[in-house]
Amino acid sequence: MRDTSADTLVKVEPSLESLMAAYTADDAEAFRELHRRLAPKLYSYLLRLSRDPALAEDVLQATFAKLHRARATYLPGAKVLPWAMVIARRTFLDECRGLAAQREVL
């Protein structure tokens, strides 16, 4: 009987924190992987906040734009998901304020 445990390779994904560190060092592939792993979680969070799939998608895109601009402020080793969720929440609140201002009748 052959031992297959040596033949099976387990692929370990890099942590979000290591991906963010690589992204802050201008690694475009790290951003793609960050987006792939963060987008579903952030979208779910934004959908719960907004209850509107189109708005959640718009805010998600704006969140990644803000995340890109704020990447220099990321503290190496800090947890990425909570940091990204704060950016998403603030982006959602900014969007809600903008929508409310558009509806205001003068």
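Note that this is a predicted model, so its numbers are computed, not measured.
At a threshold of 4.5 Å between non-hydrogen side-chain atoms, the residues Trp83 and Leu67 count as touching. At least one side-chain heavy atom of Glu33 sits less than 4.5 Å from a side-chain heavy atom of Glu13. Put simply, the side chain of Val59 does not reach to within 4.5 Å of the side chain of Leu49, judged on heavy atoms. Between Glu95 and Leu46 the shortest side-chain heavy-atom distance does not fall below 4.5 Å. A 4.5 Å side-chain heavy-atom check between Leu81 and Arg37 finds every atom pair outside the cut-off. Contact annotation: the side chain of Tyr23 approaches that of Met20 to within less than 4.5 Å [non-hydrogen atoms, C-beta and beyond].
Between Asp94 atom CG and Thr63 atom OG1 the span is 9.5 Å, to the nearest 0.5 Å. Remark: Leu19 CG to Glu29 CD distance equals 9.5 Å, nearest 0.5 Å. Once rounded to the nearest 0.5 Å, the distance linking NZ of Lys79 with OG of Ser15 reads 7.5 Å. Expressed to the nearest 0.5 Å, how far OH of Tyr43 lies from CZ of Arg48 amounts to 12.0 Å. Interatomic distance, Asp58 CG to Thr91 OG1, rounded to the nearest 0.5 Å: 12.0 Å.
Classified by interplanar angle (parallel below 30°, tilted 30° to 60°, perpendicular above 60°), the ring pair Phe31/Phe64 is perpendicular.
Arg89 CZ: 12 or fewer foreign heavy atoms inside a 6.0 Å radius.
A distance-only check finds no donor-acceptor pair linking the side chain of Glu17 to the backbone of Pro76 [under 3.5 Å]. Between the Arg71 side chain and the His68 main chain, a donor and an acceptor come within less than 3.5 Å of each other.
The two residues Pro40 and His35 make their nearest non-hydrogen contact at CD-O, 4.2 Å.
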